[in-house]
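Input: a single structure, listed below in structure tokens.
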Amino acid sequence: MNNPLHTRKAEWALTAPSFLWLALFFAVPAVIVLMFTFHGHDASGGVGEWSLSTWRELVDPDYPAIVWNTLRISFEITVWSIVLALPCAYAIARMKTRWRGIVAGAIMLPFWTSFVVRVFAWKTMLHPDGWLQSCYIGWLSVRAWLFGWLPGFMQDFLLWAGLATPGAVDPASSTILDSEAAVVLVSVYSFLPFAIMPIYSAAEKFDFSLLEAARDLGAKNFYAFRRIFVPGIRQGLVSAVLMVFIPAVGSYVIPQMLGGTNCILIGNKIFMRAIQNRNIPHASALATLMAVAVLVPIGLAMWWKKRQDVRGRRRLDAQTARLMVSAGGAR
Amino acid sequence: MNNDFLVFDHVTKRFGALTAVDDVSLTVGKGEFFSLLGPSGCGKTTLLRMLGGFERPDSGRIYLEGRDITDLPPDRRRVHTVFQNYALFPTMTVWDNIAFALRLAKRPKAEIEERVDAMLDMIQLSDQAWKYPNQLSGGQKQRVAIARALVDRPQVLLLDEPLAALDLKLRQHMLIELDAIHDQVGITFLYVTHDQGEAMSLSDRIAVVNKGRIEQLDGPAKIYEAPATRFVASFIGDTNFFCGKIVSIDGDYCHIQVEGFPQIRAFNDKQLKVGQRVDLSVRPEKIRVTRTPPLPEKGASINVFPSTVRDIVYQGVYTKYWLQSEALQISALKPHSRFLLDQEAITWNDEVFVWWHPDDGYMVEVQ
Ligand SMILES: Nc1ncnc2c1ncn2[C@@H]1O[C@H](COP(=O)(O)OP(=O)(O)OP(=O)(O)O)[C@@H](O)[C@H]1O
Ligand SMILES: [Mg+2]
């Protein structure tokens, strides 16, 4: 057991199956997709000769806006999911053990029915005669009213970023079906369990007596939640963000069925290019582009975190030195 | 000393059918080191939690410096707790843990730095300030927990079995340190423990709690030497009980008849009359065990009983003897010293004499 060679072998034996699985169904397809982008396409929907034409054709004036919209909407979906999942997971973790199982089961229950069927059900609920439509108009009016109060440069910025629409709300032409709001709403609905579960499993291990300690030292409930609970479950929070953001970026069923022409995401474009235009290399190039668009911010965030840690350690060393000097001086 | 600093006024707390704290009234003076001592499950923690604001009493009030704090939430009382499991914030450094209360109170930055540094100096952990709690030893965590609770000078510091998780050596060390810290900060300490040694060595006064009720509230020596009830006598250290009836009075002394045992002479401090029942407690260390009886002129007024040695347990500082005397089992403690080596050692089944002075018996619980 203590023989390092022995453990090395055992480790290999244990990780080999999952490694093989990843290689076969993730790495190899990813490389194939990347290779496709360096080929042309032929009229019958096949992959053509080796060429750079696909990348050259990619300069479609629509694409930057679609990529930006995809990232922005995915971000919105992630924020809403986390904001809703945090109190849910907290509440479940504080329940009696018997109730926890029941409630966690209830959260997973929707997965027993088909995803497409559930999205169809939403389509009915989002009907222009339904109550969600009235809510939507109300929400738009509030948003427009708030927008009116903002200083000009912020209005310009929000318009530029696609976070606001100019002019008054027209109830006749604003339907929640086929809107961005519908996509965000239903995406949050379907991804919420993926946000709750990792946060809940972290919260379950959280020592709730720490909150009592914080209260004891003078913290209000919400302060204790924010400063002690949230940092205490940050591992779960990170996985929740990834579990929601990544599928949101790649989603195409929900925008396809509920977004109409007002909410076209990169997933829809890829689908269109691959199935309707039968241009596999073009679709591959879009997929690659999107992967880069997701990986670059994550990579940057990790690099930044690492730099912060190094800086933090330097700062701490300096402070320790200061303390040692002052403690030494006092004696 | 202001004796009405902290007042529990007829406080009762029930959990369903169980009465965890039963009509407790007590007052603690400002700056006092006060201990709650009792067996597991007697309601000590519940009493502390009511003072901390985590439980609400079913009846009764709690006053701190004349103010009724019974219904205040935890963050509105200047009462801090050192939890049994320390409950240090794992995502913060030692420094940030200690600074927590000051930051909450929005103190100026310079003041926070000064006071946290002073605390670190007091607990001698200045060089560990930037470690995280999981990088500390048990004793260090303990000290950080104390510093964190003391840094903003609470009115009362609650300590819930703070030493229970430490090993013996460290516990003894921390006892001394706690005592020093108390002297240094002058804050009222309310200390919960089920270890009588801890309570005895630290406290100004001790409340012995049993089944949610206070059995006795006194200084350490009084509690040990003059236990108010049978429970206190047996919980605080070991003791021998002799339960019998008074058969004769002889000035300040009386004679007690225990079934299956010769008459015992005892100091009649409770002024009892012939015929009354009494429980006499005699501590093992006050009983002497020898091969020969004491000199006759002494023997006339003290209790001497021939016995047989049943069991001997070596305990380092002492040796403990279990002796059979007539129908009763008696336990006795004997320290070791060079002088005793001259005599032939007492062993199993030896015929010996046990004796004690009548003043060393103490009457508890008169029925
Ligand atoms: N939240 C609660 N719900 C139900 N019963 C409780 C609760 N808290 C405490 N009790 C009960 O109240 C009694 C006193 O508990 P408490 O924790 O005060 O004991 P303690 O003296 O601190 O014991 P220990 O020395 O073991 O910590 C126990 O019988 C316990 O089971
Ligand atoms: Mg307890």
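Remember, predicted model here, so these are calculated numbers, not experimental data.
The nearest pair of heavy atoms linking B/Phe89 to A/Leu210 is CE2-O, 3.4 Å. Considering all non-hydrogen atoms of both residues, B/Ala101 and A/Leu217 come closest at CB-O, 3.8 Å.
Listed by sequence position, the residues of residues 150-165 of chain B in contact with chain A number zero, using a 4.5 angstrom heavy-atom cutoff.
Side-chain contact between A/Arg215 and B/Pro73 is present, with heavy atoms from C-beta onward closer than 4.5 Å. Using a 4.5 Å cut-off on side-chain heavy atoms (C-beta onward), A/Glu212 and B/Thr81 make no contact. Under the 4.5 Å side-chain criterion, counting only non-hydrogen atoms from C-beta, B/Asp75 is not in contact with A/Tyr223.
Comparing A/Pro231, A/Ala219, A/Ala224, A/Gly232 by how many heavy-atom pairs each has under 4.5 Å with chain B, the most go to A/Ala219.
Annotation: side chain to side chain contact (heavy atoms under 4.5 Å, CB included) contacts of B/Gln140 (sequence neighbours excluded): B/Leu125, B/Gln128, B/Leu136, B/Ser137, B/Arg143. Residues meeting the side-chain hydrogen bond (donor to acceptor under 3.5 Å, both in side chains) test with A/Ser190, sequence neighbours left out: none. Among residues two or more places apart in sequence or in another chain, the ring pair (Phe, Tyr, Trp, His ring centres under 6.0 Å) test is passed with B/Phe33 by B/His182, B/Phe189, B/Tyr191.
Around atom CZ of A/Phe19, no more than 12 heavy atoms belonging to other residues, nucleotides or ligands sit under 6.0 Å away. Heavy atoms of other residues, nucleotides or ligands lying less than 6.0 angstrom from CZ of B/Arg67 number 12 at most. Heavy-atom contacts from other residues, nucleotides or ligands closer than 6.0 Å to CD of B/Glu111 number more than 12. In B/Arg76, the CZ atom is not crowded: 12 or fewer heavy atoms of neighbouring residues, nucleotides or ligands sit closer than 6.0 Å. Heavy-atom contacts from other residues, nucleotides or ligands closer than 6.0 Å to CZ of A/Phe75 number 12 or fewer. Other residues, nucleotides and ligands place no more than 12 heavy atoms under 6.0 Å from the CD atom of A/Gln235. Enclosure of atom CZ in A/Arg226 by more than 12 non-hydrogen atoms of other residues, nucleotides or ligands within 6.0 angstrom is indicated.
With a threshold of 4.5 angstrom between heavy atoms, B/Arg78 does not approach chain A through any atom at all. For A/Arg227, the parts sitting under 4.5 Å from any heavy atom of chain B are the backbone and the side chain alike. Both the backbone and the side chain of A/Ala214 have a heavy atom closer than 4.5 Å to some heavy atom of chain B. Both the backbone and the side chain of A/Asp216 come within contact range of chain B, each with at least one heavy atom under 4.5 Å from a heavy atom of that chain.
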Report task. Using the side-chain contact (heavy atoms from CB on, under 4.5 Å) rule, take B/Leu104 and A/Lys220 through it: C-alpha gap first, then chi angles, then the decisive distance, then the call. Result -> CA-CA 9 Å; B/Leu104 261 173; A/Lys220 296 244 183 297; over 6 Å; no
